[in-house]
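Treat the numbers as computed from the prediction; the structure is a model and nothing was measured.
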Amino acid sequence: MSNYLKISFPSGTVRDVPRGSSAREALELDGHFLAVAASIADKAVDINAALYEDCSIVGIEANSQQGLEIIRHSASHIMAEAVKSLFPAIKVAIGPAIESGFYYDFEREEPFTSADLELIEQKMREIIAEDGAFSREEMSRSEATLLFEKLGESYKVELINDLPPEVTNVSIYRQGDFVDLCRGPHIASTGKVGAFKLLSVAGAYWRGDEKNKMLQRIYGTAFSSKQELDEYLHLVEEAKRRDHRRIGKDLDLFQVSEEAGAGLVIFHPKGMMLRYLIEEWERKEHIKRGYQMVMGPQILKADLWKLSGHYDNYRENMYFTEVDGQSYGIKPMNCISHMLIYKSQLRSYRDLPIRYFELGTVHRHEKAGVLHGLMRVRQFTQDDAHIICTPEQLSSEIKGVADFVATAMQIFGFEYEVELSTRPVKSIGSDSDWELATSALRGALVESAIPYDVHQGDGAFYGPKIDFKIKDALNRKWQCATIQCDFTLPERFELHYIGEDGLRHRPVMLHRVILGAIERFMGVLIEHFAGAFPLWLSPVQAVVVTVTDKHIPYGQKVLELLKSAGIRSEGDFRNEKLGYKVREAQLQKTPYALVVGDKEIENGTVALRKRGGEQLPSVSVEEFIREVVSLSQRYE
RNA sequence: GCCGAUGUAGCUCAGCUGGUAGAGCAAACGAUUCGUAAUCGUUAGGUCAGGAGUUCAAAUCUCCUCAUCGGCUCCA
């Protein structure tokens, strides 16, 4: 056995490195000094991991995505050490790195206060200043169980017990007096955490199960340098300014009032105009794509909800009311009426596919703690459609919907992620139906070259689905569009069509939304544009601003012309200085301010100021109207 | 629903260990007549989320309810 290993580096060079050297020593031989960890054959390991085999090695630098993850994971251990040293009675649960930081869950009776957080931060700074080493040890399961039992860390013992049986050894990491069950890797020493901040405390169920004990979770974030941390915190502040609840108030779009009730949105004129514009676009687009508009009642007899299965599976989310001694359910979904429309006639295979579209308002009793601005409400309107088709038509119908989603997202300017959710353990329907539906969904994604993630077992109990997710200002993902295959409802409502063979056949049903809930979509839309909507969506497209009072008559004339041309416009004829009114137009994110003064009256023009401050040449009112109309028609 | 925090004028927020409310912006009125992000002055505006309790006295302390915020669970 040679005393040297052949180690290859990303530069392409291969070097002889003494057997048993650390990853750090190998990297330094090749001139890399900045790595916080290493990646050996694509597996992340400690920078001090010893090398015993020929391999390829890449340094993981502090500010790379992977490097940050390691720093944050290590920061969570440091936080746990600080917490244990300040409050020895606390039990630690679990503490990973997450997308933009880290957390650790603790069991402690008294809540953590902001003063506690400061103490913990202080302690963490001490630990980081000491720059103690993270050291890795491997041991058998039983040794590890014994170790954590002795420490009284019952959550760790539970984690070890629940490891799959084929796992015989586990690794632990020590730093200072703190020991944690951990796969690693970690930074070499605590001093490698350049900058961190604890952000918030929240409750979290042990292992994410609401039947378990609620633990206290401390969130924080860490970076390799103070500057990066500051940039991040600044970014978060910026994002808060895009919050749709903030903008909804500033631009007078909507309210959710305590008097009216939680989760119930009241649209103000400007918010309603925005909503109207979205809905108008949708109606036109649906008609273009062969959908028929329909509309069902808001309440339907409870018997129907029993037939559909909602009564058994969805009752706790539904509201019920009584009319003339009969129980009625307020609809939480729109499908039932659509079933009845289909059933109102005998259908031939020649009629299929049938696509029923409804801007359907539904009510769902969402738990109080989940309500969130426009994103999570108790009454909302879905751009809902049910496509009833033959099994053979399934694939092309799904592609049609995916294309619809792509068009919509492009028009509104969103990037999105796609998830395919497959059969859950608890489900109904035959294997062949599931196979057909799942491959139809997958096939449509593949053929349309749409990248997607598979979420195994996340489908609805009645069928698989494709979800489309877009992000809000704080990077939280929200589901908007979804396509779901449903075998249950055609079965339960005994839908059929007469086939070419003259016999009755069971159709397949697709349930789909494009924007999802209009309310939620508007919320994400507001944050996406930070209230500065494209011209075609702006509730107010232009504001006429007079320089002084004597220009009001001309301003009024201009305003009338704009209005009669269908341009959504307002006049700001207040006795204020021009700068004041321009500022207001800017803060209201109005696309155009039309300034009228002596010069404009003389030439019969308006001076154009675009949102953002760009000064355009003065134009005639007619020219401005032509331009705005043409831009709006192109959805710009 | 669960954990924690918060709730004072239309908005943003002050109000220390209990002694019955204050600023800026907005509003109304007046002055000013102004050229692209805030003209000046005056006035008005509050059941301190709601309810109960402790106290001579509660925005302030306690309890309950409602709502909001950050999470968890759930979801369009």
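The phosphate of B/G70 (OP1 or OP2) has no side-chain N or O of A/Y103 nearer than 4.0 angstrom. One finds a side-chain N or O of A/R574 lying less than 4.0 angstrom from the OP1 or OP2 phosphate oxygen of B/A27. At the phosphate of B/G70, OP1 or OP2 sits under 4.0 Å from a side-chain N or O atom of A/R245.
Sparse packing is recorded around OH of A/Y276, with 12 or fewer heavy atoms of other residues, nucleotides or ligands lying under 6.0 Å away. Around CE of A/M295, the count of heavy atoms belonging to other residues, nucleotides or ligands within 6.0 Å does not exceed 12.
Between A/F102 and A/Y104, a ring centre-to-centre spacing not shorter than 6.0 Å is recorded.
Judged by Watson-Crick or G-U wobble contacts below 3.5 Å, the nucleotide B/U47 has no partner. Pairing for B/A23 is with B/U12, a Watson-Crick or G-U wobble pair whose two hydrogen-bonding atom distances lie under 3.5 Å. Pairing of B/U36, defined by two Watson-Crick or G-U wobble distances under 3.5 Å, is not identified with any nucleotide. Pairing for B/C2 is with B/G71, a Watson-Crick or G-U wobble pair whose two hydrogen-bonding atom distances lie under 3.5 Å. The pairing partner recorded for B/G41 is B/C29, the criterion being a Watson-Crick or G-U wobble arrangement whose two distances lie under 3.5 angstrom. Using Watson-Crick or G-U wobble geometry with both donor-acceptor distances under 3.5 Å, B/U62 finds its partner in B/A52.
Atom pair A/H372:NE2 and B/A67:P shows a separation of 17 Å (rounding to whole Å applied). Atom NE2 in A/H268 sits roughly 12 Å away from atom C1' in B/G10 (whole-Å rounding). For the pair A/K550 NZ and B/G35 P, the interatomic distance rounds to 10 Å; values are reported in whole Å. As a whole-Å value, the separation of A/D549 CG from B/G35 P is 14 Å. Regarding A/N212, its CG atom lies at a distance of 22 Å from the P atom of B/G71, rounded to whole Å. Taking atom CD1 of residue A/I94 and atom C1' of nucleotide B/C72, one finds them 14 Å apart after rounding to whole Å. To the nearest angstrom, P of B/U73 lies 17 Å from CG of A/L371. Counting to the nearest Å, the C1' atom of B/C25 and the CG atom of A/D250 are 12 Å from each other.
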Would you list the atom pairs, donor with acceptor, under 3.5 Å between side chains in residues 90-100 of chain A and any protein atom, with sequence neighbours excluded?
unit_1, atom_1, unit_2, atom_2, d
A/K91, NZ, A/S154, OG, 2.9
A/S100, OG, A/Y232, OH, 3.3

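Contacts of A/H310 classified as ring-ring contact (aromatic ring centres under 6.0 Å, His included), with partners at least two apart in sequence or in another chain: A/W305. Contacts of A/N317 classified as side chain to side chain donor-acceptor pair (under 3.5 Å), with partners at least two apart in sequence or in another chain: none. Every residue meeting the side chain to side chain donor-acceptor pair (under 3.5 Å) condition with A/E158, not counting sequence neighbours, appears here in chain and number order: A/W206. Residues that satisfy the side chain to side chain donor-acceptor pair (under 3.5 Å) test with A/R315, not counting sequence neighbours, are absent from this structure. Scanning for salt bridge (Lys or Arg N to Asp or Glu O under 4.0 Å) contacts around A/R568 gives an empty result, with sequence neighbours left out. For A/R283, the side chain to side chain donor-acceptor pair (under 3.5 Å) partners are A/E280, not counting sequence neighbours.
Residue contacts for A/A368: at a heavy-atom cut-off of 4.0 Å it reaches a base atom on one of the strands shown. If you check every strand for non-hydrogen atoms under 4.0 Å, A/D598 touches a base.
For A/D209 and A/L587, each mapped to the nucleotide of RNA chain B holding its nearest heavy atom, the one lying further toward the 5' end belongs to A/L587.
The same atom, C1', is picked in B/G18 and in B/C61; the two are 8 Å apart, to the nearest Å. Taking the P atoms as reference points, B/C34 lies 15 Å from B/U39, given to the whole Å. Going from the C1' atom of B/G15 to that of B/A59 covers 9 Å, rounded to whole Å. B/A58 and B/C2 have their C1' atoms separated by 31 Å, with the value rounded to a whole Å. Taking atom C1' in both B/G45 and B/A38, one finds a spacing of 22 Å when rounded to whole Å. Between B/A67 and B/A49, the two C1' atoms lie 7 Å apart (nearest whole Å).
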What N/O pairs connect the protein and nucleotides 38-46 of chain B at under 3.5 Å? Give each pair on its own line.
unit_1, atom_1, unit_2, atom_2, d
B/A38, N7, A/R583, NE, 3.0
B/A38, N7, A/R583, NH2, 3.2
B/A38, N6, A/R583, NH2, 2.4
B/A38, N1, A/R583, NH2, 3.3

Give each protein N/O atom lying under 3.5 Å from an N/O atom of nucleotides 12-15 of chain B, with the pair distance.
none

Just the table, please: protein N/O against nucleotides 3-7 of chain B N/O, every pair under 3.5 Å.
unit_1, atom_1, unit_2, atom_2, d
B/C3, O2, A/G203, N, 3.1

What does the list of N/O pairs under 3.5 Å between the protein and nucleotides 74-76 of chain B look like, with a distance for each?
unit_1, atom_1, unit_2, atom_2, d
B/C74, O2, A/R376, NH1, 3.4
B/C74, O2, A/R376, NH2, 2.5
B/C74, N3, A/R376, NH1, 2.9
B/C75, O2, A/R376, NE, 3.3
B/C75, O2, A/R376, NH1, 3.2
B/C75, O2, A/R520, NH2, 3.3
B/A76, O3', A/Q479, O, 3.0
B/A76, O3', A/Q479, NE2, 2.9
B/A76, O2', A/Q479, O, 2.8
B/A76, O2', A/R520, NH1, 3.1
B/A76, N6, A/E366, OE2, 3.3
B/A76, N6, A/V377, O, 2.9
B/A76, N1, A/V377, N, 3.4

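Of the residues A/W478, A/F468, A/F521, the one that meets the ring-ring contact (aromatic ring centres under 6.0 Å, His included) test with A/Y416 is A/F468.
With hydrogens and angles left out, the side-chain atoms of A/H268 and A/D252 include a donor and acceptor closer than 3.5 Å. For the residue pair A/E419 and A/Y452, no side-chain donor N or O sits within less than 3.5 Å of a side-chain acceptor on the partner. Side chains of A/E600 and A/T605: a donor-acceptor N/O pair is absent below 3.5 angstrom, by distance only. Remark: the A/H551 side chain and the A/T548 side chain contain an N/O donor-acceptor pair separated by less than 3.5 Å.
Both tests hold for A/R108 against A/F87: distance to the six-membered ring centre under 6.0 Å, angle to the ring axis within 45°.
For the pair A/K240 (side chain) and A/L235 (backbone), a donor-acceptor distance under 3.5 Å is absent.
Taking the six-membered ring for Trp and thresholds of 30 and 60 degrees, A/H528 and A/F414 have ring planes inclined between 30 and 60 degrees apart.
Salt bridge A/R217/A/D105: present, at least one basic N to carboxylate O contact under 4.0 Å.
Side-chain atoms of A/Y205 and base atoms of B/G1 include a donor and an acceptor less than 3.5 Å apart.
Less than 4.0 Å separates RNA chain B from at least one heavy atom of each of the following residues of residues 599-617 of chain A: A/K599, A/E600, A/A607, A/R609, A/Q615.
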